[in-house]
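Encoded as structure tokens, the structure appears first; notes follow it.
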Amino acid sequence: MYNKSGVELAKMLKNGVIMDVTNVEEAKIAEDAGACSIMALERVPSDIRKDGGVARMSDPKMITEIKKAVSIPVMAKVRIGHFVEAQILEALEIDFIDESEVLTPADPKLHIDKTQFKMPFVCGCRNLGEALRRIAEGASMIRTKGEAGTGNIVEAVTHLRQLHGEIRDIKNMDKAQLVFAAKEMGVSVELLELVQKEEKLPVVNFAAGGVATPADAALMMQLGAEGVFVGSGIFKSSDPQRMAKAIVESVAYFDNPKKLAEISNDLCSAMPGLEMETLDTKMAERGV
Amino acid sequence: MSNKDKINVGILAFHGDIEEHEEAIASLGFSSIRLKYLEDLDNLTHLILPGGESTTISKFLDKTGIGKAIQKRAKEKTLQIYGTCAGAILLAKEVETQYPVSNLGLIDAKISRNAYGSQIHSFETELNFKPTKQNFEAIFIRAPKIISHSDKIDVLCEHQEEAMILEQDNVLISTFHPELIRPAIIHEYFLSK
């Protein structure tokens, strides 16, 4: 993989929760709840969805303030293909850049050439082809996209199952089938051979896009995610402090239904959810 | 390592690179369990505190009572303990950090968290492991730094006069991630203790 220390940093985040925060106060709540990292952004995805318009990289001032306020790694988002926003985030010396479909794409076709950066990148995917194309461009970490800002887990489940289903298919392919699959996906045979050998992606894979409850987070972990991003799900719930703690615990105890029952008991209202059919914009369709 | 049957390895499994330690242990022909429940600690002879965020792991150590139980077993000298990166922070007597972690205080060292700065300052370097005189490539990821330590503890590895691996009786710490190195020479040393 291209960015070795980035790939290794992602391993240290495993079995953890990365939370979207929009100010210093929220960043501290996230750290206090046991988040392993935070994503600094001006609006959580559900507000971006509501407000409409063009969503861009956040103001360096707010990112820097958040970075100063916490001891855990800080991530921030850039628009797909907007390599100058990425240069700015690299200059701010944050820890991870999310080239994200949650923001309005800057380039309708191309992603950022992430090999030009020392800073590691995480990118979204809906399937194996998207994941491997992002890795070929230099991503150090992958997250299945789900549908951000909906509080609806259905797309996150779809994408995670799709990814792992395809990895299982790859496992049994002979060389001729691999070459054909590589052509179909637009990725190198070498990268597919690596997936076949390891029976997993060559970088860490978190789940994202729709996690609203501890049960959602545990579902992602049981489906094979190595950790979870929670965007709007924490700070759009009725009690962010409790929800943040509960989701961190549900990732640690994802395989213990009794503990999950305790964690979910009398919690607080989860964020309001949206049906996929009602959406004007499907963010997951951006950047393929 | 002839006493394979007598060794029970546990990896503290609330958060961090748990699988990477499992794989390192497996590469040496041993199996391990994931420690999340207090009662599982009793059977262990060896315990690893993995890399990750010490703030996150520390909360689970407090809440479950596993932290106190580890301290007790450490003082009875009935448990070999190894902490990498975040694990090293949690085992130190004193921690310099912006956010308080409830460290277990089991090794006479003072550690500064994220001492090298953010991810862009992560680095790789060749080190030598003194007990076996082997060289290896170490990767330091948002690594902590050992600022000071008691004269009475052994420095098993150093770089530019900074201690990178320390050992005090039954407690071993490294500021980097030997679980990512093959052959897993430092895990092998730990299991031979």
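In what follows, every chain begins at residue 1, and chains take the letters A, B, ... in the order their sequences are listed.
Each of B:Tyr82, B:Phe129, B:Phe30 was scored for a ring-ring contact (aromatic ring centres under 6.0 Å, His included) with B:His187, with one residue passing: B:Tyr82.
Between chain B and the options A:Asn256, A:Ile94, A:Asp95, A:Val248, heavy-atom pairs under 4.5 Å are most frequent for A:Asp95. Considering only heavy-atom pairs separated by less than 4.5 Å from chain A, the leading option among B:His177, B:Arg113, B:Gln98 is B:Gln98. Among B:Ser122, B:Gly52, B:Gly51, B:Gly16, the residue with the largest count of heavy-atom pairs under 4.5 Å with chain A is B:Gly16. No other option in B:Thr97, B:Asn114, B:Thr56, B:Ile18 has as many heavy-atom pairs under 4.5 Å with chain A as B:Thr56.
Using a 4.5 Å cut-off between heavy atoms, B:Lys59 contacts chain A through its side chain alone, with no backbone atom that close. Using a 4.5 Å cut-off between heavy atoms, B:Ile120 touches chain A through backbone and side chain atoms alike. If you measure heavy-atom distances from B:Thr64 to chain A, the contacts under 4.5 Å come from the side chain alone. Residue contact with chain B, scored on non-hydrogen atoms closer than 4.5 Å, involves the backbone of A:Val70 exclusively. Only the backbone of A:Leu13 comes within less than 4.5 Å of a heavy atom of chain B; no side-chain atom from C-beta onward does. With a threshold of 4.5 angstrom between heavy atoms, A:Ala10 does not approach chain B through any atom at all. In this structure, the portions of A:Glu31 lying under 4.5 Å from any heavy atom of chain B include both its backbone and its side chain.
Under the 4.5 Å side-chain criterion, counting only non-hydrogen atoms from C-beta, A:Val78 is not in contact with A:Ile88. Using a 4.5 Å heavy-atom cutoff, the side chains of A:Pro214 and A:Met243 are in contact.
Ring to ring, B:Phe190 and B:His46 are close: their centroids are under 6.0 angstrom apart. Aromatic ring centroids of B:Phe136 and B:Phe176 lie under 6.0 Å apart.
For B:Lys72, the NZ atom sits in a loose shell: 12 or fewer heavy atoms of surrounding residues, nucleotides or ligands are nearer than 6.0 Å. More than 12 heavy atoms of other residues, nucleotides or ligands sit less than 6.0 Å from atom NZ of B:Lys130.
Atom CD of A:Glu226 is separated from atom CG of A:Asn15 by 8.0 Å, given to the nearest 0.5 angstrom.
Between B:Glu19 and A:Lys11, no side-chain nitrogen of the basic residue sits less than 4.0 Å from a carboxylate oxygen of the acidic one, so the salt-bridge criterion is not met. Between A:Glu65 and A:Lys68, none of the side-chain N atoms (NZ, or NE/NH1/NH2) sits under 4.0 Å from a carboxylate O, so this pair counts as no salt bridge.
Pairs passing the ring pair (Phe, Tyr, Trp, His ring centres under 6.0 Å) check and including a residue from residues 51-76 of chain B, sequence neighbours excluded, read B:Phe14-B:Phe60.
Against chain A, the residues from residues 140-153 of chain B that qualify, each with a non-hydrogen atom under 4.5 angstrom away, are B:Ile141, B:Arg142 in number order.
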